[in-house]
Amino acid sequence: SAKAAGRNTYQFFTPEMNARVFERLSLENSLRKALPRQELMLYYQPQYRVGGGDPIGFEALLRWRHPELGLVPPARFIPIAEETNLILPIGEWVLAEACRQQMAWQRAGQPATTVAVNLSPVQFRQRNLVSLVQRVLAETGLPAAQLELEITESLLMDDTERAVEVLHELKSLGIRLSLDDFGTGYSSLSYLKRFPLDKIKIDQSFVRDMIKDSGDAAIIQAIIAIAAKLELGVIAEGVENQSQLDYLALHQCGEVQGYLFSPPVPAAEVCRFFNSATRAPAPMA
Ligand code: C2E
Ligand code: MG
Ligand code: MG
Ligand code: MG
């Protein structure tokens with residue numbers, strides 16, 4: 001009983017808590033084996049100019065095919081990978097695999113596009129990040145200008161001085177940098193001019209409600225205006241329907257990504273985006 005166990009000790013471990021701790025531990029254990037067992041894979045989501053045409057880039061998104069649990073979404077395992085530092089080998093694999101895949105497509109005749117890779121703040125704190133990126137580019141042969149790294153605002157907050165330095169070193173390799181989930185973090189506007197960014201990604205939460213929520217619509221217009229003034233590119237994430245696309249076109253958003261065009265798909269399916277019989281949706285006006 002709780003009493004026998006002493007004050008404030010065992011009674012906190014309810015059966016549900018035990019189950020949760022067990023689940024977390026077993027997920028962590030199987031995540032350790034995921035890379036060597038080749039259970040990780042990348043899906044790719046196309047990115048378009050607002051006017052339509054062929055994809056101009058792809059975002060690589062990590063998937064875990066767990067032998068018993070099936071497809072585990074990144075929201076469930078990336079936090080564990082970050083807490084355990086497993087994100088370092090996993091992130092290195094993601095980077096190399098995305099660059100290798102992009103070059104394989106090109107060698108097979110697919111037009112050259114960018115490939116965007118999400119970078120965890122944990123990877124960013126890694127000392128050898130810049131040389132890792134440099135090595136992957138050299139080993140895969142991907143031109144640096146075709147690699148885009150997606151970073152988040154939290155990473156810029158941590159150690160601002162060092163962040164500025166590392167981002168400049170990355171930029172000097174010739175790669176592109178984009179700021180993911182913009183508007184959801186601390187969103188200090190001064191970041192936009194202090195850091196050597198190429199593009200802002202408007203978070204999907206604003207896009208989702210912009211047609212019925214005038215506040216979200218105003219935020220989107222403001223982000224687009226600031227990006228234009230600072231000569232940054234701007235892409236809206238999570239575009240799901242035609243009215244969102246029309247609104248973004250009306251307000252001169254540059255690029256779009258979302259289920260309206262396609263969900264993320266396995267690498268083998270990417271060739272169909274370049275088939276002229278399946279044109280991407282374009283704005284009405
Ligand atoms: P993110 O980088 O902001 O990626 C966008 C997420 O929105 C993806 O979820 C994508 O599948 C989803 N999405 C795309 N279009 C739509 C849409 O029209 N509507 C809706 N509702 N969702 C859409 P996903 O693949 O589950 O990834 C979730 C997050 O996990 C990513 O957010 C990113 O933060 C993280 N993540 C994914 N892959 C990696 C990776 O390789 N490394 C790291 N560090 N993080 C990753
Ligand atoms: Mg992203
Ligand atoms: Mg995002
Ligand atoms: Mg996100």
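This chain uses plain numbering: 1 for the first residue, then up along the sequence. Order of listing sets the numbers, starting from 1, for every ligand and every atom in it.
- Nearest N/O/S atom of Glu150 relative to the Mg ion (ligand 2): this is OE1.
- Between Asn118 and ligand 1, an N or O atom pair is found at a separation short of 3.5 Å.
- In summary, no N, O or S atom of Asp203 is located under 2.8 Å from the Mg ion (ligand 3).
- Taking a 4.0 Å cut-off on heavy atoms, Arg63 registers as neighbouring ligand 1.
- In this structure His168 satisfies the ring-ring contact (aromatic ring centres under 6.0 Å, His included) test with no other residue, sequence neighbours excluded.
- When you scan the N, O or S atoms of Asp181 for the one nearest the Mg ion (ligand 3), you land on OD1.
- For Glu59, the nearest N, O or S atom to the Mg ion (ligand 2) falls under 2.8 Å.
- Atom OG1 of residue Thr140 and atom CG of residue Leu147 lie 8.5 Å apart, to the nearest 0.5 angstrom.
- Minimum interatomic distance between Pro281 and Leu260 (heavy atoms only, all atoms of both residues): CG-O, 3.6 Å.
- Heavy-atom proximity to Val94, at under 4.0 Å, picks out these atoms of ligand 1: 41 (O).
- Screening Glu231, Glu150, Glu148 for a salt bridge (charged side-chain N to carboxylate O under 4.0 Å, His left out) with Lys199, the sole residue that qualifies is Glu148.
- Ring orientation note: the planes of Trp105 and Phe58 are tilted relative to one another, at an angle of 30° to 60°.
- Using a 4.0 Å cut-off to heavy atoms of Pro264, the atoms of ligand 1 that qualify are 11 (O).
- For atom 30 (O) of ligand 1, the nearest non-hydrogen atom from the set Ala116, Pro74, Ser205, Pro79 comes from Pro74.
- Of all the atoms in ligand 1, the ones that sit under 4.0 Å from a non-hydrogen atom of Gln45 are 14 (C), 15 (N).
- Considering each of Leu62, Asp181, Thr184, Ile78, the one bringing a non-hydrogen atom nearest atom 36 (N) of ligand 1 is Ile78.
- Taking the Mg ion (ligand 3) as reference, Asp180 places its N/O/S atom OD1 nearest.
- Relative to atom 20 (C) of ligand 1, the option among Glu82, Glu240, Lys201 with the closest non-hydrogen atom is Glu240.
- For the salt bridge (charged side-chain N to carboxylate O under 4.0 Å, His left out) with Lys201, the qualifying choice from Glu255, Glu237, Glu153 is Glu237, the only one to do so.
- The Mg ion (ligand 2) does not have Ser178 among its coordinating residues (no N/O/S atom, backbone or side chain, under 2.8 Å).
- Listed by first and then second residue, the salt bridge (charged side-chain N to carboxylate O under 4.0 Å, His left out) pairs involving residues 66-87 are Glu23-Arg76, Arg24-Glu83 (not counting sequence neighbours).
- Contacts of Glu237 with ligand 1, taken as heavy-atom pairs under 4.0 Å, involve the side chain alone.
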